[in-house]
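Below is one structure, written out as structure tokens; the observations come after it.
All chains are named by letter (A, B, ...) in the order of the sequence lines, taking the proteins before the strands, and each is independently numbered beginning at 1. We use all heavy atoms of the structure for the numbers below, so side chains are in, but hydrogens, waters and symmetry mates are not.
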2 protein chains.
Amino acid sequence: MTSSAVADRRNRRNEQILAAAWDIAADQGLGAVSLHEVARRVGIKQPSLYGYVSSRLDLFDMMFRQAYEQLLDRLDAAPPTGTAREQLLRLSRVVLDFVVENPPRQQLLFQRTIPGFEPSEASYALALRLVDRTRALLSALGKRTQAHVDVYTALIAGLGSQQIANDPDGDRWSRHLETLLDIVLDHFDPQEKP
Amino acid sequence: MTSSAVADRRNRRNEQILAAAWDIAADQGLGAVSLHEVARRVGIKQPSLYGYVSSRLDLFDMMFRQAYEQLLDRLDAAPPTGTAREQLLRLSRVVLDFVVENPPRQQLLFQRTIPGFEPSEASYALALRLVDRTRALLSALGKRTQAHVDVYTALIAGLGSQQIANDPDGDRWSRHLETLLDIVLDHFDPQEKP
DNA sequence: GTCTATAACGAGATAGAC
DNA sequence: GTCTATCTCGTTATAGAC
């Protein structure tokens, strides 16, 4: 194990740093996350951060990675029971709640709003795990075209972004998830075959 | 008329300033729009901007206003012929193309991503004109609940944000607009009556 | 209307002491 | 591992000359 006393201290600091970064993002937006402000909130000086983070963009990568780890953990929390449709509805609900609960996640994971930020290969691999899961469930429902996947992602993205922008503490949009998903699964069929 | 020679010069400068701001936003993101960079591209010094703009946030308000004026102009370009459904499809197509064509518009008009920015009352009135038009068309189709309006906006927002984030020069998402809208208009009915 | 000059501030990043 | 000190750069905004 990597949990010597010294490694423990390091991990705790790391988590403090990430928590501070998410706090700033929730307060003032993802773009407002600066190394100075993170250090201020952690209670250390800004140069000390460079023992944990190699640059500002690297900090965003750590946040990206952490968010996907948390999201995948949530998906694994409940065993995959029921029909494929039920599983897809559950997965969608978890994802939607995850981003609405903390809007910077939507910005960081699903939009491209931080100039210069690209997830590292390792972090991006986590993102692909979510895509694969979703695609597998859609496939099991007979929805195997790119069009089906795209329409599905648009639906989740749309509910999430409207919910966050216009009713951040309610469920005015997110409550339509299941209804809307049912309709699209039942009736959407793209004109052209890819 | 307000088009004396001096007012003409002023208007031209104003348009140059706005054009430069949109250029920067397209190149580096809306958050990267700074008064220094705008001045640089216009070919004047940054303090000179204060003859046209009273602050950085005021510049965003001018952009917000200009974008809605352009969007409403486009909507008025074609006469409102056909059924309400046809009109709604046309309106939706214009709006979707408008934001996909220039992604910062989506960010500025429909998301809340610039820290501190709130449209002025006058600018927000323009935004309401679009909402009213949309609501009127939905009403004409018998869709009078808030849920219908919300689901409609989520659909447009979802297609737009996915298109911009993942296929900015293509139509992988936006091409599903009409199909998806038809499905939702035909089959969406919220469980609860507001 | 545009300029120079400057104030006041905050950022990212590095060097080097302890 | 954390600090002080510092470099370099960029920003918003204002004062005042022309």
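- Look at CZ on R56(A): it is 13 Å from C1' on dG10(D), rounded to the nearest Å.
- One can place CZ of F60(A) at 12 Å from P of dA11(C), the figure rounded to the nearest angstrom.
- The cationic group of R129(A) does not satisfy the cation-pi geometry with Y68(A), failing either the under 6.0 Å distance to the six-membered ring centre or the 45° limit from the ring axis.
- Under the ring pair (Phe, Tyr, Trp, His ring centres under 6.0 Å) criterion, F60(A) pairs with no residue at all, not counting sequence neighbours.
- In terms of the salt bridge (Lys or Arg N to Asp or Glu O under 4.0 Å) criterion, residue partners of D76(A) (sequence neighbours excluded) are, by chain and number, R133(A).
- Protein atom CG of L57(A) is 11 Å distant from nucleotide atom C1' of dG12(C), rounded to whole Å.
- Y52(B) and M62(B) make their closest contact through O-SD, 4.0 Å (heavy atoms, listed as atom of the first residue, atom of the second, distance).
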### Query
Can you check side chain to side chain contact (heavy atoms under 4.5 Å, CB included) on R85(B) and L88(B), steps first, answer last?
CA-CA 5 Å; R85(B) 183 182 281 237; L88(B) 182 66; 5.7 Å; no

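- Y50(B) places its OH atom 6 Å from the P atom of dT14(D), with the value rounded to the nearest Å.
- If you check the side chains of Q87(A) and R90(A), you find no donor sitting under 3.5 Å from an acceptor.
- Atom NE2 of H36(A) is separated from atom P of dA11(C) by 6 Å (rounded to the nearest Å).
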Sub-3.5 Å pairs of nitrogen or oxygen atoms, protein against nucleotides 1-3 of chain D:
| unit_1 | atom_1 | unit_2 | atom_2 | d |
| --- | --- | --- | --- | --- |
| dT2(D) | OP1 | R13(A) | NE | 3.1 |
| dT2(D) | OP1 | R13(A) | NH2 | 3.3 |
| dT2(D) | OP2 | Y52(A) | OH | 2.5 |
| dC3(D) | OP2 | K45(A) | N | 2.8 |
| dC3(D) | OP2 | S48(A) | OG | 2.7 |

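- The distance between atom CZ of R40(A) and atom P of dG10(C), rounded to the nearest whole Å, is 7 Å.
- Between L49(A) atom CG and dA13(C) atom C1' the separation is 12 Å, expressed in whole Å.
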